[in-house]
Amino acid sequence: MSVLDAPVTAAAPAAPTTGLTPVFVRLKLTLLRNGLRQSSGRKAAYIASLVFTLLLAAGQVLGLVLLRGNAQAGTVVVLLTAVVALGWAVLPLFFPSGDDTLDPTRLVMLPLRPEPLVRALLVSSMIGIGPLFTLCLAVGSVLALAHGPAGVLFAVVAVPLTLLLCVALSRAVATANVRLLNSRKGRDLAVLSGLVIAVGIQFVNFGAQRLGESGGLSTLEPAANVARWLPGASAIAAVDAASDGAYGVAVLQLLITVAALVALVWLWQRGLVKLMTAPDGSTLAAAEPTRKESGRTGLSALLPEGRTATVVHRSLLYIVRDPKTKAAWVTALAIGAIVPLINALQGTGSIYFACFAAGMLGMQMYNQFGQDTSAFWMVALTISSTRDAYVELRARALALLLITLPYTVVVCVATAALLGSWQALPGVLGISFALLGAMLAIGAVASALFPYSIPQEGAFKNVAPGQGGLAWISILGGMLAAPVLAGPVIALTVWLHIADRQDVLWLVIPAGAVFGALIGWAGLRIAAPRTANRLPEILTAVSKG
C-alpha cells in the first residue's frame, strides 16, 4: 500500500503539507536555474526561446487588439482559444515539455496527500513558457471582446479560469497516460495517437486553405457557435456574451468552464491516487522465455561484416523496438505523406509539396546520440579517433537512407500521379535528394554540437529539464539552413522552369543526387572530429535523463 493510503499513527506522523505549494514552486525554479547553469549554450538557447515566445505573444496580443470592434472578432477569438486548449491536451504527450516536478511517478515514496499535491502541481505547472504564452492569448482575447462594465467583470474572471483549465487539462491527460506510455505495448499503441494528432493538424491546415478561398471569416461562425459551449473556449465566449448584454448566456458559459475545471482537478487527483497506489498490471505477467537473436537480419545482413553493419543493425533495431524512436519515425512517415497527398487529392497542392517528405525524414538524423541515452558510453568506448567517429556517423546516416530514399521516391511518384504532373517529377526528386543530403549533413553536425537527452522514464517527456530550448533551436535552425544548403539545386530547377527547358529537367535528378551525396559527405567529415573531441560532453548531455 502506498503512503497515500497509509493511516496516520504516532509512530509515523504525517508530514506537514500546508507549505507544499511554495516548496514545489521553489523546486521548479531551482530545477530551471540549475539546468541553465550547466552550460552557456543551454542558457542562450532558453533565453532565445523565451524571447521568441514573447515576441510571438506580443504580436498575437497586438493582432487580437486590432480585432476589437470587428464583427467577426468573437468568432476568431473563440476558435483560437479552443485550438490552444486542444493543444494543451495533446501536445505534451508528443513534444518536449515538462520537468521532474510534474512527473508523478517520482513522488510515489513521499508522504504526500492527494489534495495538497494536486494544488502544488497545478501552481508549479503554471511556471514556464507555455503558460506565459497562454496567458498572453487570454489577455489579448478579452481585450478584443470586452466592452462595458459587465464585459470587463467577466474578463477578469475568464483569464485565470482559462489558464487554469488549460494547465489542469494538460496535467490530467498526462497523468492518465503515464502507465499506458510507460509500458512498451502501451507506448507502441500511443504511436497511433500521434498519427491522429498529425492528421488533425492537417485538417486544420486544409480548413485554413478553404477559408482563404472563401474570402471571409463568416464561414467559421458555425464552428465558433459550437466552440462557445466547449470548456476550452466557453470562458472567453462569456466575455463576448456579457459585452452584448446576454448575461444569462454569459453566466452559463462561465459555469461550464468552472464545472469542467472542477471535474478535471477531480479526475487528476483520482488518477494520481490510482497511479501511486495501484500496481502496474503490465509488470505482473510472467516473463516469457526470450528468443535468442540469431544475428544480423534484414537489410543489415547484406552489408559486409564490420562496424558499419553493426551500427546499421543497431539503428534499425532502435526504430523497431524503442517506443520513442518508433513514435518519431511513424509520425514523420505519416506527416511526410499526408501533406503532399491530401493536398493533391484536393487538387489545391503543388507537386513540390512532396519535398516535405524528405524534410520530415531528414530530421531523424538530429540528436543521433541522444536516442542512445546513457548507453552511449558503450558506443563512446569504441570511438578512439576521428575515423571511428566518421564511420559511426556514416553508418547511422546509411541506416536512415535505407528507409528515406525509397520512401521519398514513392511519395514523389504518388503525388505526381495524383496531380498528373509527370513532367515536373524530375525536379521534385532532385530537390528532395539535395534536401535530404543537406539535412543529413546538418543533423550530423548538430548531433555533435548540440546533443540532448531523451528521458526514458518520463512517458510524456522527450527532452531532459533545461534542454528544451536547446532541442528546439537545434531542430529549427537545421530546418531553416537545409534549403539554403540545397540552394544550388533549387536554383537550377527554377531556372529550367523559367527558361522553359523542361525537356532537360531530368538532369536535376543526377544533379540533386550527386549534390546531396557531396553535401552529406562534407557534413559527416565536419562532424566526425567534433564528435571525437567532444565525447565527454556528449556523454554527459545525453545521460541527463
Side-chain angles (χ1 to χ4, degrees), residues 53-54 56-89 91 122-123 125-126 128-172 204 207-208 211 216-265:
T53 302
L54 290 175
L56 182 61
Q60 172 186 258
V61 172
L62 178 61
L64 291 173
V65 170
L66 292 177
L67 280 175
R68 185 177 177 86
N70 189 288
Q72 302 298 331
T75 298
V76 174
V77 167
V78 167
L79 287 178
L80 181 61
T81 307
V83 170
V84 171
L86 179 63
W88 272 95
L91 292 183
L122 182 61
V123 174
S125 298
M126 290 189 288
I129 296 178
L132 176 61
F133 180 83
T134 305
L135 178 62
C136 293
L137 168 70
V139 172
S141 299
V142 299
L143 289 176
L145 299 178
H147 297 278
V152 173
L153 178 61
F154 273 83
V156 171
V157 180
V159 170
L161 271 180
T162 301
L163 180 60
L164 286 172
L165 180 74
C166 289
V167 174
L169 178 62
S170 173
R171 295 298 99 210
V204 173
L211 178 62
L217 295 173
S218 58
T219 55
L220 295 176
E221 288 185 2
N225 291 334
V226 174
R228 289 176 188 275
W229 298 99
L230 299 178
S234 58
I236 300 299
V239 178
D240 191 24
S243 299
D244 293 338
Y247 303 120
V249 173
V251 171
L252 183 58
Q253 289 174 332
L254 203 62
L255 289 177
I256 290 176
T257 301
V258 173
L261 178 60
V262 173
L264 283 172
V265 172

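Positions are given from 1, in the same order as the sequence printed here. Just so you know, these numbers use all the heavy atoms, side chains as well, and skip hydrogens, waters and symmetry mates.
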Exercise. What side-chain hydrogen bond (donor to acceptor under 3.5 Å, both in side chains) pairs are there with at least one residue in residues 247-263, not counting sequence neighbours?
Worked result: Ser234-Thr257

Exercise. What distance do Ile236 atom CD1 and Leu137 atom CG have between them, rounded to the nearest 0.5 Å?
Worked result: 7.0 Å

Exercise. Which is it for Val76 and Asn70 under the side chain to side chain contact (heavy atoms under 4.5 Å, CB included) test, yes or no, and what are the steps along the way?
Worked result: CA-CA 10 Å; Val76 174; Asn70 189 288; over 6 Å; no

Problem set entry | Ala227 versus Val78, closest heavy-atom pair with distance | CB-CG1, 3.8 Å

Seminar exercise, completed: Between Val239 and Ala158 the two heavy atoms that sit nearest each other are CG2-CB, 3.7 Å

For this session: Test Val139 against every option in Leu163, Val61, Val159, Thr162 by the side chain to side chain contact (heavy atoms under 4.5 Å, CB included) rule and name the one that passes.
Result: Val159

Exercise. Under 3.5 Å, side chain of Ser243 to main-chain N/O of Leu145, donor-acceptor pair present?
Worked result: yes

Problem set entry | Interatomic spacing from CG in Asp240 to CZ in Phe154 - rounded to 0.5 Å | 12.0 Å

Sequence neighbours left out, cut at 3.5 Å: what donor-acceptor pairs do the side chains of residues 128-136 make with other protein atoms?
| residue | atom | partner | partner atom | Å |
| --- | --- | --- | --- | --- |
| Thr134 | OG1 | Trp88 | NE1 | 2.7 |
| Thr134 | OG1 | Gly130 | O | 3.1 |

Seminar exercise, completed: Residues pairing under side-chain hydrogen bond (donor to acceptor under 3.5 Å, both in side chains) where one sits in residues 141-156, two or more places apart or in two chains, turn out to be Arg68-His147

For this session: Enter the distance from Met126:CE to Leu164:CG here, rounded to the nearest 0.5 Å.
Result: 5.0 Å

Exercise. When rounded to the nearest 0.5 angstrom, what is the spacing between CG in Leu67 and CG in Leu62?
Worked result: 10.0 Å

Exercise. How many angstroms lie between atom CG of Leu79 and atom CZ of Arg228, to the nearest 0.5 angstrom?
Worked result: 8.5 Å

For this session: Scan Val167, Ile256, Leu169, Leu165 and name whichever one has a side chain to side chain contact (heavy atoms under 4.5 Å, CB included) with Leu261.
Result: Leu165

Seminar exercise, completed: Taking every heavy atom of Ala260 against every heavy atom of Pro231, the minimum-distance pair comes out as CB-CB, 3.4 Å

